[in-house]
Amino acid sequence: SDTEVCLAVQNAFARDWLCSNYLKLIEQAAKGALGGERNVVIEVDAELACGRVRPESSDQSFGDGSQAGATQTNGSTRGTASAGASIGAAPSSRPGSAAPGAPGGQNSQGANLPALVYSDSVLAPRSLLGPSDFSLNNLYRFENFVVGPCNRFAHAAAVGVSESPGRVYNPFFLHGGVGLGKTHLLQSLCAALLDRDPTTRILYLSCETFVNHFISALENGDLSAFRNKYRNVDVLVVDDIHMLANKERTQEEFFNTFNTLFNAGKQIVLSSDSSPKEIPALQERLVSRFKWGLVTEIEKPCYETRMAILRRKGRARGRELPDDVACLIAENIDTNIRELEGAVTRVLGYATLNHLEVTVDLVRKVLVDVFATRKGVPSMDDVLKIVTSHFNVRVADLQSKRRTNAIAHPRQVGMYLARRITRHSLEEIGRFFGGRDHSTVLYAIEKVEETMRSDERFRAMVVTFLDRLGRNPA
Ligand code: ADP
Ligand code: MG
């Protein structure tokens, strides 16, 4: 509007972070772009932040709700540059409910809604999307999914659900480690459902989005709109349902959503990084419901499957990987298909840019960091490599006396990982991290474990590290 620039972000963390670190910069940029001073207001609005189109009629209630929330909840939902200046004022010139630049364009058909009501654009790079499908990743289709012993059953079950939703396996609960193809299968299932019947109303979303929507509905006193949205679908697909861990009220709401849909014979599809009973602090009644239908696990791919995936990914990028090259990669990357894919992309990208042949030597050179962490028993060095590169700190920082959070936090994670995956004693680990004593190491481990219990994202990050270091988290 003339007086304010309103930005939508995914969650409260993003809002707080932007407010405390980048507000001045954003203000300057806004001034530069628009001329004249404006208040910068940052709002939590998960849907808008994903650049999603809200279908006009059916979603209106929720859309209105979240906008209303922005004006009612003040401090808790919005962050502004100058306190109080614009809080409470309705964001007057927000462009209806459509996000600017949303792919696929606004749905202008009113009641004739796109069957796929909603999905995470994070999972759906826009460049991959066709004009009428603004939400699913086009590449995540059954036909692009390489089937092997590790995922054969999960694949068959997903196909089965897509053929007769609500009838064969309900709920369908798919679990497995990071990067093993859960999202790929879930989206394939949605795509296949839509192929069979384009009018199927599918709500596809990440659990995080469900949580965010629920929280803003609570804040806005807008629960009925929320329930309307989630309970009027034919198929509800929630990716990464383990994010419900430790979120009691959301679990309760999900429980009710689940019951309503289930009783109406609607299909429910869930994915998770662990089996129902391993999700931390998940209510027993949810655990038992999740097990009502079919619970199936995707396992780590065996060597042959990895080879098949590598070949497929190479071909998809327009180049055949020579056998020895595929073998080398398959031998070294054995836990995560996303990493396999990343390796192919890097190798082929490097070769193409530099007009080189794809050879074993080239692969060793390009993937040196990936391979280094995988040889033999993980060492302190492997831990350091992961920690320094992820947090962008130096080994010297980790070993220094500095105790700012930017250093202490990675240091604690490093101590935890070292304890979990190397054979070093607490004393040795302490010495390694700048001559600290064993109680400091113990404290670090406790702190990390505690944060893992309360912060799902953090937990996922640590689990990924452990995975990369080749150890299964207990
Ligand atoms: P998850 O959701 O389990 O973390 P994703 O579904 O995001 O994993 O998979 C990570 C990447 O690996 C995706 O790009 C996906 O297409 C690819 N992928 C996973 N499993 C397979 C498979 N069996 N065949 C082909 N590609 C796969
Ligand atoms: Mg996923």
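In what follows, every heavy atom counts, from backbone to side chain, and hydrogens, waters and symmetry copies are set aside.
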Checklist entry - Among all residues two or more places apart in sequence or in another chain, which pass the salt bridge (Lys or Arg N to Asp or Glu O under 4.0 Å) test with Arg196? => result none
Next on the checklist: Could you work out, with side chain to side chain donor-acceptor pair (under 3.5 Å) as the rule, every residue matching Asp195, not counting sequence neighbours?
Outcome noted: Arg141
Item to check | With sequence neighbours excluded, residues passing side chain to side chain donor-acceptor pair (under 3.5 Å) with Arg419 | outcome: none
Checklist entry - Under 3.5 Å, is there a donor-acceptor pair linking the side chains of Asn259 and Asn263? => result no
Item to check | Residue pairs involving residues 449-464 (criterion side chain to side chain donor-acceptor pair (under 3.5 Å); sequence neighbours excluded) | outcome: Glu208-Arg457, Glu456-Arg459
Checklist outcome for this item: Sorted by chain and number, sequence neighbours left out, salt bridge (Lys or Arg N to Asp or Glu O under 4.0 Å) with Lys266 holds for Asp234
Checklist entry - Using a distance-only test with no angle check, is there a side-chain donor-acceptor pair under 3.5 angstrom linking Thr209 and Ser206? => result yes
Checklist outcome for this item: The ring-ring contact (aromatic ring centres under 6.0 Å, His included) partners of His409 (sequence neighbours excluded) come to Phe391, Phe458
Checklist entry - Listed by chain and number, what are the side chain to side chain contact (heavy atoms under 4.5 Å, CB included) partners of Ser164, not counting sequence neighbours? => result Arg167, Val168
Next on the checklist: Test of understanding: with ring-ring contact (aromatic ring centres under 6.0 Å, His included), list the residues that count as partners of Phe210, not counting sequence neighbours.
Outcome noted: Phe226, Tyr230, Phe254
Checklist entry - Is it the case that Asp334 and Tyr303 place a side-chain donor and acceptor less than 3.5 Å from each other? => result no
Checklist entry - Can you list the residues that meet the side chain to side chain donor-acceptor pair (under 3.5 Å) rule with Asn256, with sequence neighbours excluded? => result none
Checklist entry - Out of curiosity, Leu180 CG to Asn151 CG, how far, rounded to the nearest 0.5 Å? => result 9.0 Å
Checklist entry - Atom CZ of Arg411 and atom OG1 of Thr404: how far apart are they, to the nearest 0.5 Å? => result 8.0 Å
Item to check | Glu341 bridged to Arg338 by N-O distance under 4.0 Å | outcome: no
Checklist entry - When you look at OH of Tyr22, are more than 12 heavy atoms from neighbouring residues, nucleotides or ligands closer to it than 6.0 Å? => result no
Checklist entry - Who passes ring-ring contact (aromatic ring centres under 6.0 Å, His included) against His155, sequence neighbours left out? => result Phe142, Phe145
Next on the checklist: Which residues pass the side chain to side chain donor-acceptor pair (under 3.5 Å) test with Gln267, not counting sequence neighbours?
Outcome noted: Asn170
Checklist entry - Residues two or more places apart in sequence or in another chain: which of them pass ring-ring contact (aromatic ring centres under 6.0 Å, His included) with Phe255? => result none
Checklist entry - Between Lys313 and Glu339, is there a side-chain N and carboxylate O pair less than 4.0 Å apart? => result no
Next on the checklist: Assess, by modelled atom type and distance only, whether the side chains of Arg468 and Asn336 contain a donor and an acceptor separated by less than 3.5 Å.
Outcome noted: no
